Every structure is written in structure tokens, then in C-alpha cells.
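Scroll down for the structure; my scribbles are underneath it.
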Amino acid sequence: MLEIVLNNVSKNYGNKQILRKVNFEIKTNEKVALIGPNGCGKTTILRMISKIENPTSGEVFTRKDAKIEILSQYPDSSLDELIVNDIIHSSFKELNELRVRLEKEEEKLTNGIDLDKTIIKYTRLQEEYMKNGGYEIDSKVDKLVAAFHVENLLDKKFKSLSGGEKTIISLICILLKEPDILLLDEPTNHLDISMLEWLEKYLSNCNKTILIVSHDRYFLDKVVNKVILIDNGEEEIFNGNYSYYLKENEDRVMREFNEYKNQQKQIEAMKASIKRLKEYGKLAYPCGEKFFRRAASIEKRLEKMEVLDKPKNNDSINLSFKVEQRSGNDIISFENFDLTIGDKELLKRTKCLIKYKEKVCIMGPNGTGKSTLIKRIISNDPNIKIGSNVKIGYIPQNITFENENKQVIEEARKYFIGPEEHLRSALTKFLFYSEGIFTRLNKLSGGERLRLKLFCLMQQDSNLLILDEPTNHIDINTKEILEEALKEYKGTIIMISHDRYFINKIATRIIMIENKKLVSYIGNYEDYKREKERNS
């Protein structure tokens with residue numbers, strides 16, 4: 001059964017066309033990924049399906065009476081003054097109303113009012129309440145609260161939560177509503193590994209139609225069975241998971257490029273034939289008419305030919321980290337190290353040694369001290385020994401600049417050595433074009449902030465890169481460019497990430513925070529998983 005249909009859908013914002021005659025269908029229980037570069041219209045499609053926005057032209061259909069829920073990247077500010085536990089339980093609006101009616105009938109029974117009628121009505125309401133899972137509300141809530149580790153948030157006001165915590169609470173509410181169609185816009189942001197694995201299993205096993213916008217490739221591989229690529233305003237459909245899409249898309253691009261090259265060769269050959277035949281006609285004058293006729297015939301064929309466009313390459317960052325001066329062999333070391341925040345003990349009498357050229361990923365549940373440990377390293381904590389000749393380049397999870405009113409080119413100038421025209425040329429490699437270099441820093445998106453920070457970092461010749469969630473806010477294409485640059489990087493890397501696909505590409509060692517200790521596992525995330533399974 002068809003659940004979602006887009007028929008020749010176009011979307012404009014002012015004079016800018018985002019989508020151009022997009023067509024696709026999603027059937028019952030299909031789990032579909034919507035991917036493409038940032039700004040290509042993925043979120044817009046979700047908003048049109050959920051009727052928040054309308055297409056400029058074309059039609060968006062959903063199955064009649066289908067219950068649709070959308071998880072937005074931006075939490076609902078109208079919830080700010082509410083208590084989290086009340087927000088979660090408000091997901092059962094109809095059941096809550098039914099319970100109120102039940103309680104009224106119970107009061108009548110207690111007071112002996114119109115017993116016969118009251119008993120019949122109470123019994124009917126109770127059966128309806130039971131049939132719709134009213135007595136299972138608490139267990140459903142408890143299950144999700146435990147899965148996402150938010151027990152300590154239940155008594156807090158929504159406005160006091162972090163952005164990630166708000167997203168998690170919103171996701172819990174949506175899952176409790178059990179919609180027929182689930183629209184998820186970046187659901188994996190701010191989730192730790194245990195939460196991700198729980199969500200993957202839940203979505204894989206549930207009988208719902210799901211459309212997901214996500215840059216988490218590992219997550220998409222585990223959950224989806226169809227991929228819709230949106231690029232240059234148009235769609236391309238792949239019937240498989242993300243890895244299937246990668247292979248098929250690579251084959252498609254190569255096939256299209258070969259077809260383009262072959263047609264260009266054919267066109268050049270036809271043009272050469274036309275020129276040659278016309279020259280023969282001139283030489284054979286006055287008997288060269290047949291050569292001119294043949295040349296005219298080829299010209300007509302050439303005019304009627306549908307010329308293929310050259311396959312477009314997506315804009316990508318040209319990254320290449322250089323290390324002019326290497327560090328010593330021991331990069332970071334400490335023993336009997338304690339880490340606390342206020343009264344909370346995060347690490348206790350633990351030790352660590354990170355060696356030159358290692359690419360280490362620090363992992364662990366949210367709140368176990370990963371970012372705090374990194375901040376202690378870069379702040380020259382006296383209990384942490386930094387090796388000889390170590391020069392640190394750091395990208396925090398939330399990127400800010402000293403003066404947010406400055407322009408992109410002004411911030412870049414602080415780190416770049418060379419004439420103005422060279423600086424402008426270098427910034428174009430990081431996708432800051434023409435007027436974009438004059439954008440105020442406080443107007444930059446998360447992805448733009450990362451690109452500018454990377455630009456500045458690459459001018460500093462760091463031999464130790466410390467990266468806190470570097471793949472947040474960037475699209476898949478930029479992730480792949482970053483991965484290749486980090487794989488080729490000749491220095492040492494310490495990073496925090498929940499992006500398992502990214503970790504598998506980069507990490508040579510996992511340091512997991514377990515029971516307030518740093519536990520080391522050689523290899524990437526898959527190696528870590530295999531080691532844990534062998535020991536379990």
C-alpha cells in the first residue's frame with residue numbers, strides 16, 4: 001500500500017528553486033533514507049509531507065487517515081515552561097482524556113449514583129482504555145526513559161535542558177505516539193552509542209513507514225532498505241541500504257561519465273566528417289554536390305542529437321593537513337588521574353598513554369567525561385603530561401569565535417600568510433565564494449563554522465589534532481573529504497565521536513570510558529565490538 005507519494009513536486013524560496021519536479025513513492029513499512037548535500041531540500045520534503053509547508057507546484061499525497069509524526073531538528077519552544085515528565089505523558093492525549101472520564105465514573109460508583117447505568121458506562125470505558133494500552137502507559141514510558149538514560153531529567157523544566165536533551169525528549173514523545181508514518185530529521189544527533197544501538201534495533205523491528213534524514217551512514221546501513229538521493233533539485237532512487245547506494249551511485253556516475261565521453265567522441269567525429277566532406281566538395285567543384293549533401297545529412301543528425309550534460313561533481317572541500325615538524329614519541333600521558341565536575345566523579349585513578357601517529361577515539365555514554373577530559377588536556381592540566389614539541393590544533397563540539405561580528409575573511413586573515421587574492425582563492429576551496437567571504441560569523445551555520453575552523457586550523461601546522469564530535473553539522477560529502485584528509489594526516493589524532501562509520505575509517509585505537517576507567521582496545525569500532533563479544 002502506498003503511504004507517501006510525491007508527484008512532480010517543485011519548491012521555490014523566492015527566486016531560488018530548491019526542488020525541481022521530484023517524484024517518488026514510499027510503501028507501507030518501508031524504511032527510507034533521504035540524503036543529499038546540506039541545503040538540497042531534505043528537511044523541506046519532510047515538512048511538506050507533514051503539511052507544515054506546501055509545494056510551489058506538484059502534489060504531495062499521504063495515505064488517508066495515516067497518523068504522521070515528525071521529529072524536527074529544532075525543539076518546540078512552546079514547551080519551555082513545562083516539566084519533562086508532563087511533556088512525555090502528554091503523548092497519550094486521548095488515553096489521558098479517557099482516564100479522566102473513567103475517574104469521573106469511578107467517583108459516581110463510590111457515591112452510589114445511578115449504579116446500573118454507571119456500571120455499564122464504566123465497564124465500556126475501561127475496556128476501551130485497556131484495549132488501547134492505557135494500563136501499559138507507565139511501562140512504555142519507563143522503557144524509553146531507560147533506553148535514552150534521561151531518568152534525571154524528568155523533574156526539570158524543558159527550557160533548562162541542553163539542545164541534545166530536548167531532541168531526545170522530543171524523540172521519546174514521538175515514539176510513544178506510535179504513528180503510522182514516522183518522519184525523522186537528524187534523529188541521531190546527540191545520541192551516544194548505546195542510545196544509537198537501541199534506536200537502530202527499535203526502528204529496524206517496528207512495523208512503521210519511516211523516512212529519515214540523517215548523515216549517520218552506519219545508522220542508515222542498519223535501518224533503511226531504500227535510499228532517495230536529492231541533488232541539484234532532482235531525485236535518484238536506490239533500492240537498498242547506504243552501502244548499496246554507495247556502490248550503485250559510483251557505478252551510475254562512472255556509467256554516465258563514460259556515456260558522456262563516448263558521445264563527445266562521436267560528436268567530434270561527426271564534426272570532423274562534416275568539415276572533411278565540405279572540403280572534398282570544394283575540391284571536387286563543380287561536381288562536389290554529393291559531398292555537401294552528405295555533410296548536410298550529418299549536420300541534421302547532429303542537430304537532432306540529445307546532448308548529454310557532463311556529470312557534475314558536488315562541491316567539496318580540498319583538505320590536506322600538513323605536518324612540518326613532528327612531535328616526540330609520547331604525546332599524552334598520565335597515571336592515577338582523577339576527573340571530577342563539582343561533586344560528580346567521572347574518572348578515578350586511571351592512566352593513559354597516547355603515542356605518536358596514533359589515531360585514538362575516546363568513547364563512552366553521554367556524561368562520562370569525554371569532552372571534559374579533552375578540555376583538561378588542552379588547558380595544560382598539571383596532572384597530564386604533554387610530550388615534547390607537541391603543537392595542538394583543537395576543534396570543539398560547539399564552535400565559537402572570539403569576535404562573532406567579524407566577517408569570514410577577517411577571521412581567516414588572522415591565520416593566513418599571503419596576499420589578499422591568495423586568501424580569497426584559498427577560501428573558495430572551503431566553499432566560501434564571492435559575497436560569502438563577507439558573511440558575519442554570527443550568521444554562519446554549523447557546517448560553515450566547521451569549514452572555517454578547519455581552514456584556520458590548517459594554517460597552524462599542528463602535529464596533534466584534538467577533535468570533539470567533528471562530524472556534527474556536516475553533510476556526507478564533506479565527511480568523506482574530512483575522512484580522507486585525516487587518514488593521510490601524518491600527526492596524532494585524539495577525537496570524540498559517536499559516528500561509527502567515521503570511527504571505522506579513522507581510528508587505530510578505541511579508548512572506552514568504563515566504570516570511571518579508561519580502557520584501551522586496539523583497532524576501530526568494529527574491532528572493539530568483536531573484542532567485547534568475545535569477552536562477554
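This structure is a prediction, so every number in the text was calculated from the model and none was measured. As a basis for the values below, the full set of heavy atoms in this structure was taken, side chains included, without hydrogen atoms, waters or symmetry mates.
Between the side chains of Tyr501 and Thr471, no donor-acceptor pair of N or O atoms lies under 3.5 Å. His498 and Thr188 share no donor-acceptor pair across their side chains, judged by distance under 3.5 Å alone. Side-chain atoms of Asp155 and Asn85 form no donor-acceptor pair, as typed in the model, at a separation below 3.5 Å. No side-chain donor from either of Ser214 and Asp216 sits under 3.5 Å from a side-chain acceptor of the other. The closest side-chain donor-acceptor pair between Ser445 and Glu448 falls under 3.5 angstrom. For the 3.5 Å distance criterion, the side chains of Thr56 and Asn12 fail to qualify, holding no donor opposite an acceptor. Looking at Ser243 and Asp221, their side chains do bring a donor and an acceptor atom within 3.5 Å of each other. Under the 3.5 Å distance criterion, with hydrogens and angles disregarded, no donor-acceptor pair is assigned to the side chains of Asn29 and Thr209. No donor-acceptor contact under 3.5 angstrom links the side chains of Asn241 and Asn225, judged on distance only.
Heavy-atom contacts from other residues, nucleotides or ligands closer than 6.0 Å to NZ of Lys517 number more than 12. For Lys67, the NZ atom sits in a packed shell: over 12 heavy atoms of surrounding residues, nucleotides or ligands are nearer than 6.0 Å. Within a 6.0 Å radius of NZ in Lys222, no more than 12 heavy atoms belonging to other residues, nucleotides or ligands are found. In Glu402, the CD atom is not crowded: 12 or fewer heavy atoms of neighbouring residues, nucleotides or ligands sit closer than 6.0 Å. In this structure, Glu345 places its CD atom where more than 12 heavy-atom neighbours from other residues, nucleotides or ligands lie under 6.0 Å away.
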Residue pair Glu106, Arg101: steps toward the salt bridge (charged side-chain N to carboxylate O under 4.0 Å, His left out) verdict
CA-CA 9 Å; Glu106 284 178 356; Arg101 290 167 62 192; over 6 Å; no

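Ring pair Trp198/Tyr202 is parallel by interplanar angle, where below 30° counts as parallel and above 60° as perpendicular.
Aromatic ring centres of Tyr244 and Phe238: separated by at least 6.0 Å.
Using a cut-off of 4.0 Å between Lys/Arg side-chain N and Asp/Glu carboxylate O, Lys208 and Glu69 are scored as not salt-bridged.
Here the options are Lys64, Lys31, Lys27, Arg63, the test is salt bridge (charged side-chain N to carboxylate O under 4.0 Å, His left out), and the partner is Glu3; only Arg63 passes.
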